[in-house]
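Written out below as structure tokens is the structure these notes cover.
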Amino acid sequence: MFQNNRTIDSNGHNTTGGATPEERTRRFLDQWTGAPANWSAYLAAVVIVALATLILHLADPYLPLARFPFLHILAVMAVAYLFGLGPTILALGLSLLAFVHLFVMPVNSIEQIDVAFIEVWAALTAWTVGMVLGGAAMLAVRGSRQRVETLARQLQEQRALLDAFMQNVPVGLGFHDRETRHLMANLALAEMNGKSLEEIQGATVWDILPHEMADKAAAAIQHVFETGEPSSFHDLPAKLDGEKYYDVRHVPVSTPEGEIIGVGVVVVDVTEHIIARQALERSYEYEHHIARSFESAVLGTIPNRIACFMFETAYRAAFEEARVGGDFYDVFPISESKIGIVIGDVSGKGLKAAVQVAMAKYTIRSHAYEDEHPKIVMKHLNLSLARQMDIESFITVFMGIIDCRTKTMTYTNAGHTPVMFWDASEDKAAMLPPTGPITGLDETGDYEEQEISLDYQDEILLSTDGLMEIRRAAGTLEPEDLITIYAAAKKSGIHSAEGMIEWVLKASRGSLRDDVAVLRVFVGSQSTG
């Protein structure tokens, strides 16, 4: 049921915590004395003590030197340093046994027993103290040496990992001093500069880079040393073996105390990215040109006047660099007495939107010629779009059919922005709200139509949703806000489509965030020329 997550090291130790007392004891002893000695170490301890004993015995056990057996002490110290705790204990016991039987016992047979006794224990005390101190010192030295060796090995491993990473990562890496010398560099950085590793190591930026680039690099390194802040260059052009572009970043390298000891440099080759971006821009410009040309051909020109009705258009892009939008308008005669007016907005932008504009425009025209009821035209348009357009595409459309004889307009608003109507006789503005759903989403969409009367100096202002989506501090405009602004504009004498866009922008204190198309229909007199 329970998973055993313990891991065992190369010495058979549990390294994941929860160790037994025996494991903790062994780990402690190994830390201070090294790994457990093998039989050859014990044999070496016996040999070393035997040699020390033989040398002392041959030197005459009655010499004063024999009373203080430094040779045994040195032997035990050597065993402790070389082999660890186990062989040291064996060497200590053998040395004590040899000293007592070979050097102390003969002294006990001397007649002055009291003097000999004192000398014996003095010698034993000196021997024991020397052995213990010397062995402990050697064990401490051995433990320290092993810890230093372990630390050095770990540092070497980390350096090897760092070197392997630096030399294999496909990014230029380096380290500079205050004189801009390359104290460290990887192969990628050398290749970016057209040099070998041997050539770049120790060289300054002026030795490696073209003069202008070297000045920039030196200034960046100096900036980092002086301020402690990173410095970056993006899309930096360079001509070595052809046009190249790099992103270069210089960063401070500091000690734990905060002292900057050097500057690291990271260089990324972004040539492919720049080339791809340039190709994309060219492709965009080409598509933009085609879409603009296509859109202009599709929209054509709007007649200034048909009978007593006058028409005016205006277009304002939210951004100069914006792609071709899906806003469109149309005015076309249906019969001798009837005129079709249309404004719409296709979801999306670019060439795809321009194609959908063309499809919508000519679908509306073709069905309007067959049936003069806007709700029937919208139903055919909705069915056609729902079957041909993808699920993410849709079109909002307002269509009106003006009867020049009766001076009425029958209209259907398929989910489009409410159209504004100025009633000159009442001197007030009104809205023509939606009468059906957006086209292209559902084949079963149903539409209604409404009718209004048009008299002299009345006006219909059709616009796309960019006018309501003007960005301002209080948020986008509500329909009530827009009709209020429109009424104020009319009472202030604004009589042009372009002037209406400008008035709304100033009155709302906002800015465009989407393109705006405006179609203005004004009722004049029959005699107006």
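We use all heavy atoms of the structure for the numbers below, so side chains are in, but hydrogens, waters and symmetry mates are not.
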task: Quick one: do Val521 and Glu459 satisfy side-chain contact (heavy atoms from CB on, under 4.5 Å)? Show the steps, please.
output: CA-CA 6 Å; Val521 181; Glu459 178 182 283; over 6 Å; no

query: Quick one: are Leu381 and Val397 in side-chain contact, heavy atoms under 4.5 Å?
result: yes

Residue pair Arg365 / Tyr369, side-chain heavy-atom distance below 4.5 Å: yes

task: Measure the acute angle between the ring planes of His380 and His367, then classify it against the limits of 30° and 60° as parallel, tilted or perpendicular.
output: parallel

- prompt: Atom NE2 in His416, atom OG in Ser463: separation rounded to 0.5 Å?
  reply: 6.0 Å

message: To the nearest 0.5 Å, what is the distance between CZ on Phe332 and CD1 on Ile364?
response: 7.0 Å

query: Could you go step by step and tell me if Asp327 and Val516 meet the side-chain contact (heavy atoms from CB on, under 4.5 Å) rule?
result: CA-CA 7 Å; Asp327 298 1; Val516 175; 5.5 Å; no

task: List the steps and the verdict of side-chain contact (heavy atoms from CB on, under 4.5 Å) for Leu183 and His176.
output: CA-CA 6 Å; Leu183 301 181; His176 294 285; over 6 Å; no

- request: Could you check Lys407 against Asp455 for salt bridge (Lys or Arg N to Asp or Glu O under 4.0 Å), going step by step and ending with a plain yes or no?
  value: CA-CA 7 Å; Lys407 287 189 177 181; Asp455 295 322; over 6 Å; no

Closest contact, heavy atoms only, Pro374 versus Glu372: CD-O, 3.6 Å

query: Counting only heavy atoms not in Glu451, do more than 12 fall under 6.0 Å of its CD?
result: yes

query: Hey, does the side chain of Thr464 reach the backbone of Asp345 with a donor-acceptor pair shorter than 3.5 angstrom?
result: no

Residues which pass salt bridge (charged side-chain N to carboxylate O under 4.0 Å, His left out) with Glu312, listed by chain and number, not counting sequence neighbours: Arg520

query: Going by heavy atoms in the side chains, are Tyr411 and Leu432 under 4.5 Å from each other?
result: yes

- prompt: Side chains of Phe309 and Val523: closer than 4.5 Å at any heavy-atom pair?
  reply: yes

- prompt: Backbone N or O of Glu229 within a donor-acceptor pair of the Thr227 side chain at under 3.5 Å?
  reply: yes

task: May I ask you to decide if Pro437's main-chain N or O and Tyr447's side chain share a donor-acceptor pair within less than 3.5 Å?
output: yes

statement: Smallest heavy-atom separation, Met409 atom then Phe398 atom, equals CE-CZ, 4.1 Å

task: Answer whether the closest heavy-atom distance between the side chains of Ser254 and Ile261 falls below 4.5 Å.
output: no

query: Rounded to the nearest 0.5 Å, how far does CG of Asn413 lie from CD of Glu449?
result: 13.0 Å

field: Any Val224 side-chain heavy atom under 4.5 Å of Val251 side chain
entry: no

task: Would you name the heavy atoms of Ile395 and Leu385 that are closest together and state the gap between them?
output: CD1-CD1, 3.6 Å

task: Evaluate the ring planes of Phe233 and His250, with Trp represented by its six-membered ring, and classify them as parallel (under 30°), tilted (30 to 60°) or perpendicular (over 60°).
output: perpendicular

Point-to-point distance, once rounded to the nearest 0.5 Å, from CD of Glu191 to CG of Asn186: 9.0 Å

task: For Ser232, check side-chain hydrogen bond (donor to acceptor under 3.5 Å, both in side chains) against everything at least two apart and list the hits.
output: Arg249

query: So, does Glu199 use its side chain to make a donor-acceptor pair with the main chain of Ser196 at under 3.5 Å?
result: yes

- request: Examine distances only and state if a side-chain atom of Thr271 and a backbone atom of Lys244 form a donor-acceptor pair shorter than 3.5 Å.
  value: no

task: Applying side-chain contact (heavy atoms from CB on, under 4.5 Å) between Ile402 and each of Val331, Ile306, Ile334, Ile341, report the one that passes.
output: Ile341

field: Non-hydrogen atoms of Ser453 and Asp458 that approach each other most closely
entry: O-OD2, 4.0 Å

query: Taking all non-hydrogen atoms of both residues, which atom of Ile485 and which atom of Ala507 are closest, and how far apart?
result: CG2-CB, 3.8 Å

query: Taking atom types as modelled, is there a side-chain donor on Asp207 or Thr204 under 3.5 Å from an acceptor on the other?
result: yes

task: Can you establish whether the number of heavy atoms outside Lys379 located under 6.0 Å from its atom NZ is more than 12?
output: no

field: Residues that His273 engages under side-chain hydrogen bond (donor to acceptor under 3.5 Å, both in side chains), provided they are two or more places apart
entry: none

query: Which residue pairs pass the side chain to side chain donor-acceptor pair (under 3.5 Å) test with at least one member in residues 209-218, sequence neighbours excluded?
result: Trp206-Asp215, His211-Asp215

query: Does Phe394 offer a backbone N or O that forms a donor-acceptor pair with the side chain of Ser347 under 3.5 Å?
result: yes

- request: May I ask you to decide if Tyr486's main-chain N or O and Trp503's side chain share a donor-acceptor pair within less than 3.5 Å?
  value: no

message: Would you say that Ile460 contacts Trp422 through its side chain, given a criterion of any heavy-atom pair below 4.5 Å between the two side chains?
response: no

query: Are a donor atom and an acceptor atom from the side chains of Asn382 and Thr439 found within less than 3.5 Å of each other?
result: no

task: Just jot down the salt bridge (charged side-chain N to carboxylate O under 4.0 Å, His left out) partners of Arg181, sequence neighbours excluded, or say none.
output: Asp177, Glu179

task: Could you tell me the separation between the CG atom of Asp330 and the CE atom of Met399, rounded to the nearest 0.5 Å?
output: 9.0 Å

query: Do Ile200 and Asn193 touch side chain to side chain, with heavy atoms closer than 4.5 Å?
result: yes

message: Is it true that Glu498 and Tyr315 share a donor-acceptor pair across their side chains at a distance under 3.5 Å?
response: no

query: Within the side chain of Asp481, is there an N or O that forms a donor-acceptor pair under 3.5 Å with the backbone of Glu478?
result: yes

task: Tell me, please, which residues at least two apart from Glu443 pass salt bridge (charged side-chain N to carboxylate O under 4.0 Å, His left out).
output: Arg387

- line: In terms of heavy-atom contacts, Pro252 and Gly228 come closest through CG-O, 3.4 Å

message: Before you tell me yes or no, could you show the steps for Phe328 and Val346 under side-chain contact (heavy atoms from CB on, under 4.5 Å), namely the whole-Å CA-CA distance, both residues' side-chain angles and the distance that decides it to 0.1 Å?
response: CA-CA 8 Å; Phe328 69 97; Val346 175; 4.1 Å; yes

query: Does any N or O in the side chain of Ser337 come within less than 3.5 Å of the main-chain N or O of Cys404, such that one atom is a donor and the other an acceptor?
result: no

Nearest-0.5 Å distance, OH of residue Tyr245 to CD1 of residue Ile274: 7.0 Å

